[in-house]
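This report concerns only the one structure given below.
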Amino acid sequence: AVQRVEAMQQKGLVPNVITYRALVSACEKGKQPERALQLFEAMQQKGLAPNVITYSALISACEKGKQPERALQLFEAMQQKGLVPNVITYSALISACEKGKHPDRSLAPVEEMQQKGRGPNVITYNALISACEKSRQPDRSGEPHEWRQTKALVLNVLTSIPPISA
């Protein structure tokens with residue numbers, strides 16, 4: 001993908017926000033979070049302002065690279081720039097915390113979502129279920145009250161979905 005953009009530039013075409021978003025997404029899918037972060041920096045150095053989709057892809061790249069702290073920093077930076085996270089952004093952040101060995105931090109984004117009136121979707125719930133599973137620590141008895149509440153919420157949603165008939 002990067003080579004195609006270089007070819008594009010050689011023909012006098014200038015990459016825009018959409019081009020960079022596509023590059024960041026390609027790096028995310030290719031599990032190259034450092035390259036995605038470099039492209040993000042290059043984009044900003046060229047005076048291009050990232051949008052919510054770009055940030056979501058970058059947070060997802062941090063998830064693939066097991067960099068939850070970086071994902072949280074990007075999430076904060078995005079909001080400081082006045083960008084409003086969407087359900088994809090929140091889901092990527094939850095997954096980044098879960099895969100980065102911080103499943104206990106996955107609940108805060110869901111609470112924020114609900115406070116801002118944004119409902120989680122199936123992807124969000126899948127990330128939460130995975131975080132609930134990973135939050136179990138064999139050396140501790142019991143689990144945090146918040147996780148029991150989240151599991152109950154997930155189970156309520158799942159049990160309210162009518163069965164699929166074949």
Side-chain angles (χ1 to χ4, degrees), residues 1-135 144 146-147 150 154:
V2 174
Q3 293 164 343
R4 297 219 183 250
V5 172
E6 288 170 357
M8 180 178 113
Q9 288 174 313
Q10 288 174 354
K11 293 181 180 183
L13 300 171
V14 179
N16 60 17
V17 172
I18 296 169
T19 309
Y20 277 99
R21 183 211 24 94
L23 288 169
V24 168
S25 289
C27 291
E28 175 257 325
K29 287 173 183 38
K31 297 181 181 178
Q32 297 178 18
E34 293 306 320
R35 183 72 173 136
L37 289 163
Q38 290 170 355
L39 288 164
F40 180 73
E41 293 299 322
M43 172 186 173
Q44 291 179 319
Q45 287 173 358
K46 294 188 183 215
L48 298 172
N51 59 22
V52 173
I53 299 168
T54 307
Y55 272 102
S56 296
L58 196 56
I59 291 168
S60 189
C62 290
E63 172 230 329
K64 303 282 190 300
K66 295 180 177 34
Q67 299 179 17
E69 295 302 325
R70 184 71 172 136
L72 288 162
Q73 289 170 355
L74 289 163
F75 185 76
E76 291 295 321
M78 174 184 144
Q79 292 181 85
Q80 287 173 357
K81 291 184 179 191
L83 295 172
V84 179
N86 60 24
V87 70
I88 296 166
T89 314
Y90 281 108
S91 296
L93 184 61
I94 292 164
S95 290
C97 290
E98 178 261 319
K99 292 208 172 68
K101 310 280 189 222
H102 293 288
D104 52 315
R105 296 178 82 179
S106 298
L107 189 59
V110 176
E111 290 171 350
E112 183 180 319
M113 269 179 96
Q114 292 172 334
Q115 289 170 355
K116 292 185 176 182
R118 292 181 183 82
N121 65 11
V122 173
I123 294 167
T124 312
Y125 282 115
N126 286 340
L128 276 174
I129 290 168
S130 184
C132 286
E133 174 193 2
K134 298 244 170 74
S135 71
E146 296 87 15
W147 287 112
T150 302
V154 170

Partner of Y55 under ring pair (Phe, Tyr, Trp, His ring centres under 6.0 Å), picked from F40, Y90, Y20, is F40
Give me the atom names and distance for the closest heavy-atom approach of A92 to S56. CB-O, 4.0 Å
State the CD1-CG distance between I88 and N86, to the nearest 0.5 angstrom. 5.0 Å
Here the pair of heavy atoms bringing V52 nearest to V84 is CG2-O, 3.4 Å
Tell me yes or no: between the side chains of S95 and E63, is some donor less than 3.5 Å from an acceptor? no
Looking only at heavy atoms, which two atoms of P68 and A96 are closest? And how far apart? CB-O, 3.5 Å
Rounding to 0.5 Å, atoms CG (L23) and CD1 (I18) come to a distance of 12.0 Å
Please round to the nearest 0.5 Å and tell me the distance separating atom NZ of K81 and atom CG of L83. 8.0 Å
What's the separation between atom OG1 in T124 and atom CG in L93, rounded to the nearest 0.5 Å? 11.0 Å
For residues M78 and P85, report the shortest heavy-atom separation together with the two atoms involved. CE-CA, 3.1 Å
Do you see a donor-acceptor pair shorter than 3.5 Å between the side chains of Q67 and E34? yes
Heavy-atom closest pair, residues E41 and R70: OE2-NH2, 4.0 Å
Distance check, rounded to the nearest 0.5 Å: C27 atom SG versus L39 atom CG? 5.0 Å
